[in-house]
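Okay, structure first, notes after.
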Amino acid sequence: AVSPEQFAAWREAQGLSMRKAAELLGVSFNTVVGYEKERDAKGKPGGASIQTGYAMAAIAAGLDPWTEESDAEMKALRVVLEAMRKAPQK
């Protein structure tokens, strides 16, 4: 899960208003407000789901929404990333 502090830090790092973050994540403005609150009106903890966290990472990486055409490219990039992670650090 993504804490309210982490969500706010991500949004600010991306230079996004709450409205723009909501648009990119496909949620309402009020949902984004809730992501940044410690507790909602019903007392439930704030923050965002792990699924939203993955969407945040994709946005931060500059990825477009998934398509069949992009799937092969993503698989190739994943192979490169794994090789880079396994390479000895200098």
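Values below: all heavy atoms of this structure, side chains included; hydrogens, waters and symmetry mates excluded. Throughout, numbering of the chain's residues begins at 1 and tracks the sequence. This structure is a prediction, so every number in the text was calculated from the model and none was measured.
For E12 (side chain) and A9 (main-chain N/O), no donor-acceptor pair under 3.5 Å exists by modelled atom type.
Residues meeting the side chain to side chain donor-acceptor pair (under 3.5 Å) test with S49, sequence neighbours left out: Q51, T52. Judged as a side chain to side chain donor-acceptor pair (under 3.5 Å), and not counting sequence neighbours, the contacts of K75 are D71. Residues passing the side chain to side chain contact (heavy atoms under 4.5 Å, CB included) test with D64, sequence neighbours excluded: none.
Remark: L81 CG to K86 NZ distance equals 10.5 Å, nearest 0.5 Å. The structure places OG1 of T67 at 9.0 Å from CD of E73, a figure rounded to the nearest 0.5 Å.
You'll find the side chain of E5 reaches within 4.5 Å of the side chain of E38, heavy atoms only. Counting heavy atoms from C-beta outward, V32 and V27 have side chains that approach closer than 4.5 Å. Two residues are said to be in side-chain contact when any heavy atoms from C-beta on lie closer than 4.5 Å; M74 and L63 meet this criterion. Counting heavy atoms from C-beta on, the side chains of W10 and L16 come closer than 4.5 Å. A 4.5 Å side-chain heavy-atom check between R11 and E36 finds at least one atom pair inside the cut-off.
Identified under the ring-ring contact (aromatic ring centres under 6.0 Å, His included) test for residues 40-67, with sequence neighbours left out: none. A ring-ring contact (aromatic ring centres under 6.0 Å, His included) check over residues 23-52, counting only residues at least two apart or in different chains, returns the pairs F7-Y35. Pairs of residues two or more places apart, or lying in two chains, never qualify as ring-ring contact (aromatic ring centres under 6.0 Å, His included) while including a residue from residues 71-90.
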Step-by-step side-chain contact (heavy atoms from CB on, under 4.5 Å) determination, L25 to T31: CA-CA 10 Å; L25 292 169; T31 297; over 6 Å; no
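Residues P65 and S70 approach most closely at O-OG, 4.4 Å, considering heavy atoms. Contact between G47 and P4 at its shortest, heavy atoms only, is N-CG, 3.6 Å.
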